[in-house]
Protein chains: 2
Amino acid sequence: MSGEGVEVPTPGVENLSVAEGNDDFVDPWNVQSSSTAGRFGSQKIDDELINRIEKVTGKPVHHLLRRGIFFSQRDMHQILNLYEQKKPFFLYTGRGPSSDSMHLGHLIPFIFTKWLQETFDVPLVIQLTDDEKFLWKDLAIEEANRLAYLNARDIIALGFDVNKTFIFSDMEYIGSCKEFYMNMCRVQKLVTFNQVKGIFGFGDSDCIGKISFPAIQAAPSFSSSFPLIFNGRKDVPCLIPCAIDQDPYFRMTRDVAPRMNMPKPALLHSTFFPALQGVQSKMSASDPNSSIFLTDTDKQIKNKVNKYAFSGGGATVEEHKEKGGNCDVDVSYQYLTFFLEDDERLAQIKKDYTSGELLTGYLKKELIEILQKIVTQHRENRLKVTDDIVKQFMTPRKLNFQY
Amino acid sequence: MSGEGVEVPTPGVENLSVAEGNDDFVDPWNVQSSSTAGRFGSQKIDDELINRIEKVTGKPVHHLLRRGIFFSQRDMHQILNLYEQKKPFFLYTGRGPSSDSMHLGHLIPFIFTKWLQETFDVPLVIQLTDDEKFLWKDLAIEEANRLAYLNARDIIALGFDVNKTFIFSDMEYIGSCKEFYMNMCRVQKLVTFNQVKGIFGFGDSDCIGKISFPAIQAAPSFSSSFPLIFNGRKDVPCLIPCAIDQDPYFRMTRDVAPRMNMPKPALLHSTFFPALQGVQSKMSASDPNSSIFLTDTDKQIKNKVNKYAFSGGGATVEEHKEKGGNCDVDVSYQYLTFFLEDDERLAQIKKDYTSGELLTGYLKKELIEILQKIVTQHRENRLKVTDDIVKQFMTPRKLNFQY
């Protein structure tokens, strides 16, 4: 999966709406759209779906779902049907390991996936596309593989259950599982250059590795790609939580699945995590000030938020008190919607900031404390993730599920 | 490798010459050329090279080399330099397992490869491209894999040494060796769609599997794709004996090798094995009368040669006695150049047939006896190849060479 996709500017999360019939062009590298639910047949996550999830699971949904950060879906009702009927499904998500250090935005799909796994108690496979990163970046293959291991450590630090989770590097897993390679071939036989040109914008001067890569991201959608986990079963459906920019891969996957006699994956799409500089800026690993990294110190977090987080507040205290702040563009407020779990506190902040009572400085102070706490906790958790634990997660094996 | 390529019409082997500056278009599926040595920088195998091979090996060359059936080469002098310096190299050849039963033409590269291996005493890897056949044919993946095993049995029956030979199915080996997959990725990063379009004639409506396949045929050219055999060494050069239609793959491989810091493979190219109906006909697995199959009975061989082998003889006995036979187009004579080892006997037949003294019927009788003997022997040898022996050849392992 592309690690870059989630670094693309995002709209204010408050503005998420279903776009229809517009000219959005979404591929994993270019997203020129405020919102894409409704396009290409995905559905908005509406109150009815959220209520149903709460009903069948008997617990409140995660705030990332409640607040519309996961805003679009495909076939989620069918997944809930399976759950109600006590039939199996599994979770698949992934990441393109492009840098030593992940930023906060990279955690969002994994935080949400962890909640899904704990809620539904199903197997989870996490693909680290070191082959993709090698193909797209000026990177040696060994370096891409090393980054996969580094990123695995960050993912594991979020607290995934080793008995229910398989994390794999493409380089290693493809070279250890013929069933995975066979599914790659099956997809590659059913998709033409014309199709990937249309879906991903590839051109004649792109390397053949890029052109055939989409099949590699498609393959984990099928339970037969994991014979040790699913005991050879080909019919276990898959639910993929991912950022919206990854949807083209899975539209393609859903297109070929019936011709492979395999179930179409269901999807839950998140919006993008904004750059500190605001929704119009691109987050970039080469610009350390464009986001908060998991390796940042408390001081760096404080300085970055204070200096770079785009403010929706007034130009002066007087103006702010008079006109109020604009939560739709204020990055600090938006970050709070991602990371402040307390709904009442968030609503209060929004009210007070919009009215002008709360100043930007206070909003930033609140955010800094939350982020410092998250990053500190993450650092401590990561220290406990030994090489041996990483190896356990990344060893192809049976998980604690019967098939 | 394509099993179809060698089924393309061939010129009379006597007519082999170096074409230069013409418009031949050679890809593994279409060959519109009488000869392609000299094009794209390959060299004709001349007397100097043959003499040198005999000198450094201390033995006469194989008749397939002596008679110009292997007629073109790249960097063969460098391979001889290595041999003189007692430096290592290895052999790589392959086959696309497209049918249950191989025909006589399919044996040619393997017969010659066996001679090379025995002469130079080097490791041999044999690629069975079941993935290619799955991608190109209307074939299930499991069926392509089954054909790979069937074809392996025929290849093993030629008498390869299990201690020096590794035969692999792509489906299985790629799914068991990350170093092979990494080399696939390295090649795929260095070759664009434009390039494979130019080399192989791919179009926008071809599937992405075909488009990226050339990298899979390239990968075995590199010793690092076989870590168990070469103990991780990346610098052991490769010599590839193959039919000329496979050269485009290896031109591409030679182009990318320096950018991978790996040695370019050397090549020995054979001409095509003609269809029974003559050099203008296409051999086809769906037409059992277009060739002699390894499963044919003595009676089938006799009938096919008598009924279908294109004759270069006169229309009547009188005309034949007057004008003589034309060995350049006579398929029975050409088959003898492939399979009759005795040079003197072959020369005598040519002389007598050309003069008109020898009738077509006698030529065919001679050929029938030889082919019946070869096919009978092959059948007996194949019966001795047990599942266990096939498994031994196809298990990734160390061979009897030190690195």
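Quick caveat: nothing in here was measured; it's all calculated off a predicted structure. Here is the naming used below: chain letters follow the sequence lines, and residue numbers restart at 1 for every chain.
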Next on the checklist: Let's test your reading of the structure: which of A:Lys210, A:Met184, A:Arg186, A:Glu142 forms the most heavy-atom pairs below 4.5 Å with chain B?
Outcome noted: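 Maximum pair count with chain B is reached by A:Arg186.
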
Item to check | Max heavy-atom pair count under 4.5 Å with chain B, selected residue of A:Ile211, A:Leu135, A:Ile174, A:Leu190 | outcome: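 Going by pairs under 4.5 Å, I would pick A:Ile174.
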
Next on the checklist: Could you walk me through whether B:Tyr181 and A:Asp170 satisfy the side-chain hydrogen bond (donor to acceptor under 3.5 Å, both in side chains) test, starting with their C-alpha distance in whole Å, then the side-chain angles of each, then the deciding distance to 0.1 Å, before giving a yes or no?
Outcome noted: CA-CA 9 Å; B:Tyr181 179 61; A:Asp170 282 346; 5.6 Å; no

Next on the checklist: Please classify the contact of B:Val196 with chain A as side chain, backbone, both or neither, using a heavy-atom distance under 4.5 Å.
Outcome noted: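 Side chain only.
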
Do [X] and [Y] come close enough that some side-chain heavy atom pair is under 4.5 Å?
| X | Y | result |
| --- | --- | --- |
| A:Gln188 | B:Cys207 | no |
| A:Lys178 | B:Glu172 | yes |
| B:Asp206 | A:Phe193 | no |

Item to check | Which atom of B:Ala215 lies closest to which atom of A:Ile208, heavy atoms considered | outcome: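 Residues B:Ala215 and A:Ile208, closest heavy atoms: CB-CD1, 4.4 Å.
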
Checklist entry - Non-hydrogen atoms of chain B under 4.5 Å away: do they reach the side chain of A:Cys185, the backbone, both or neither? => result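 Both backbone and side chain.
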
Checklist entry - Counting only heavy atoms not in B:Lys398, do more than 12 sit closer than 6.0 Å to its NZ atom? => result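 Atom NZ in B:Lys398 is crowded, with more than 12 foreign heavy atoms closer than 6.0 Å.
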
Next on the checklist: Donor-acceptor pair, distance only, cut-off 3.5 Å: does the side chain of B:Lys189 make one with the backbone of A:Phe134?
Outcome noted: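 A pair under 3.5 Å: yes.
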
Next on the checklist: Nearest 0.5 angstrom please: B:Glu179 CD to A:Met171 CE, how far?
Outcome noted: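 Separation between the atoms: 11.5 Å.
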
Item to check | Euclidean distance, B:Met182 CE relative to A:Asp130 CG, rounded to 0.5 Å | outcome: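 Nearest 0.5 Å value for the CG-CE distance: 8.0 Å.
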
Next on the checklist: Just to be sure I understand the criterion: a residue of residues 387-395 of chain B counts if one of its heavy atoms is under 4.5 Å from a heavy atom of chain A. Which ones qualify?
Outcome noted: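 Heavy-atom contacts from residues 387-395 of chain B to chain A are absent.
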
